[in-house]
Amino acid sequence: METILVLTHADETGSALTKASLEAVTAGKELAARLNASLAIGIVAIDATAAASALASTVARLLAVSGEPFAQPRYSTDAAALEALCRAAEASIVLAPASARFARVAAGVAHRLGGFVDTHITAIGGTDGVEATRWFYRQRVEAVLSRDGRPWFLLLDAGTHAAFAGPPAPAQVEQVAVELPALRTTVTGLRAPSQGTQTIRPDAKLLFVAGAGWTKKQSDGQVHAAEAGDLILGFLRTTGASLGSSKSLVDQGGEGQPVLPFLTHLNQIGQTGATPRHARGLSTCCHGEEPHVVGWRFIADRRAINLDPNCGWTRGKADVVYIADAFQVMAKVNSLLEAKKA
Amino acid sequence: MANVLHIVVCAGIVPDPLQTLEPVTGPAGPGLKNEMVLPAVLDPWAASALYEAAALAAKNPGSKLWLVSLGPKAKLQQVMMTVAQKIAFELVPIDGPIGGFPDAHSTAAVLAETIAALPGLDKAKLLLFGGWESATRGAGVTLQLVGERLGIIDQFQGVDQIDLRDDGSFEVLERVEGGKHQVSVCAGTPAVLGWATGNLAEPRNNPQTGMANMRTIMPALQKAKPTTLAPNGLRYVSVALPKQQRTTRVVKDLTPDEIAAELVEWIGAE
Ligand SMILES: Cc1cc2nc3c(=O)[nH]c(=O)nc-3n(C[C@H](O)[C@H](O)[C@H](O)COP(=O)(O)OP(=O)(O)OC[C@H]3O[C@@H](n4cnc5c(N)ncnc54)[C@H](O)[C@@H]3O)c2cc1C
């Protein structure tokens, strides 16, 4: 008989749980119901009261680690917190969001408990037991796996379950005490690397990808980097889309070629970049080579604009490819969107 | 004032990302078709870690740099022919299986044991580097597990920058959600840093560096300890290529106005 623990943590406000944590709660409820297993939820927050009340309707056992040291994500404190929660819950299956905060520590905690960990889980299935789906080779090979060893930690990718929502109510929380090691790391804050507006928006419906074509010589023999920048930022402003890039385009900064100053490696999609989840994706001036397109694994509806009818997108990698000049098309798109807004 | 650092970089070898991959299942579990003959490269994010390590070692005279790599000896040798031309390091090869399917816990155990036994390594000066995720398993757990086994509880993942200060403390930038970096200051070594892209371009090949490195790399490869990785109760139910095959509509004869109208409708569609 499995005992399931879902680990959750607060967002930057310190009181509400992150969306990814609430998604893990849904996964935990589903799994507990299917296996007829007991369910506990562990909360890491400076003050767990609000988070606990949001989870009251789960009727799960609620455990919390609270206090100032847990206000910020840090390996030594988070590992100690999660270890204490897992020991208190005596869990055999531990579900947690694959957030930066928990991805940093989950393996270490699994090791402390003599357990095992698998990350980037996209689905949990199985008939009698637990089977987890994840990708290997940067989203190229999909595998379903299972483990005999317990506790088994499964880190769930964001967007794979609906976020749990229930009526808030006062809830009983068991506070779990944590023994902390001497702290050697201080978190001083967050820094946004891109100039001006934040262009990476994980919750956006649309991903807009810019490729190196935007800063290449065009049919008039000239580079139009400034115009490219205006068109891209204009589109992001009206649509609220998230901005992705090819590797070639972000690498150009280091190679002394024309650049789009608002792009950094954090925008990069693909093999050595991100694999975001959005409902739709529009690729522009990007060739659609495999090391880039592996980052589109979780973009369901894909369109591309490219001058080259033989670009990668036309070979089964996009749903629709427009063979056209992205400068011309995006200028029209922007004016249509602005007219629509006005 | 320079700080003497002992930097250990864990880096595996992976198929060149431009290769087509096909999973196959054999008696020893899943693998890739023709895995041993696919051209291989140093795992890209771990390679960023190696270049950052070399830059850090160069700025801090007296520092040492080891590259610990687990893979089939013959494949390691092929990849090292290129990597060795870029920067100076001491290779610590472990002759073991290739690929992303072996259990990460077993991999970490072998790596930790090897690192703990490195002659001349002072753990108090240790910076354990690697990629934050591999291009094979892509799990982001191996380095963390090695760190835990070595008792290091200052760990950072998705690192893009380290700034070492004179007093031995350092500031680290880690990737977090929403395109931001979390900034932390750590009192000093030992620490684990799993690197993302970092800020350095790939160093150019220098045949002289290559020749100097190869003098120690070849004997190290010859002596590489063969190892097997226990499955630890990990079972694969299925391993397959994605089923989804898109039928692409290629639109060649619309004007920019017509395309724009179609796109605006699509963007607005719920
Ligand atoms: C180890 C490794 C890791 C890698 N990781 C990644 C990764 O994570 N992400 C990634 O993106 N790449 C990655 N790559 C690189 C990848 O193989 C490609 O080189 C890269 O994606 C190409 O970028 P691009 O399509 O923007 O540029 P290009 O190949 O230069 O293509 C530019 C495109 O723009 C089009 N174009 C030009 N002008 C216009 C116009 N006016 N209108 C419409 N179209 C126009 C051209 O037709 C062309 O198709 C990796 C490679 C290796 C070896």
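Proteins come first, then strands; the chains are lettered A, B, ... in the order of their sequence lines, and each starts at number 1.
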statement: Taken to the nearest 0.5 Å, the spacing of Arg134(A) CZ from Arg137(B) CZ works out to 8.0 Å

query: Where on Thr197(B) is there a heavy atom nearer than 4.5 Å to chain A: the side chain, the backbone, both, or neither?
result: side chain

- prompt: Taking Val141(B), Asp154(B), Asp160(B), Val250(B) one by one, which has the highest count of heavy-atom pairs under 4.5 Å against chain A?
  reply: Asp154(B)

Structural part of Pro15(B) lying under 4.5 Å from a heavy atom of chain A: side chain

query: Is a salt bridge present between Glu177(B) and Arg101(A), judged by a nitrogen-to-oxygen distance below 4.0 Å?
result: no

message: Would the distance check show the side chain of Tyr236(B) and the main-chain N or O of Ala143(A) forming a donor-acceptor pair, the cut-off being under 3.5 Å?
response: no

- request: Give, as side chain, backbone, both or neither, the part of Glu202(B) having an atom under 4.5 angstrom from any heavy atom of chain A.
  value: neither

- request: Would you mind checking which part of Glu174(B) comes under 4.5 Å of any heavy atom in chain A, side chain (CB onward), backbone (N, CA, C, O), both or neither?
  value: side chain

task: For each of Leu21(B), Thr255(B), Ile152(B), tally heavy-atom pairs with chain A at distances under 4.5 Å, and name the one with the top tally.
output: Leu21(B)

- prompt: Side chain, backbone, both or neither: which part of His105(B) has a non-hydrogen atom closer than 4.5 Å to chain A?
  reply: side chain

Short N-O contact, Arg191(A) and Glu171(B), less than 4.0 angstrom: yes

- prompt: In Å and rounded to the nearest 0.5 Å, what is the OG1 to CD distance from Thr272(A) to Glu133(B)?
  reply: 12.0 Å

Contact origin within Leu173(B) toward chain A - heavy atom pairs under 4.5 Å: side chain

task: Under 4.5 Å heavy-atom distance to chain A, tell me which part of Asn199(B) shows up: side chain, backbone, both or neither.
output: neither

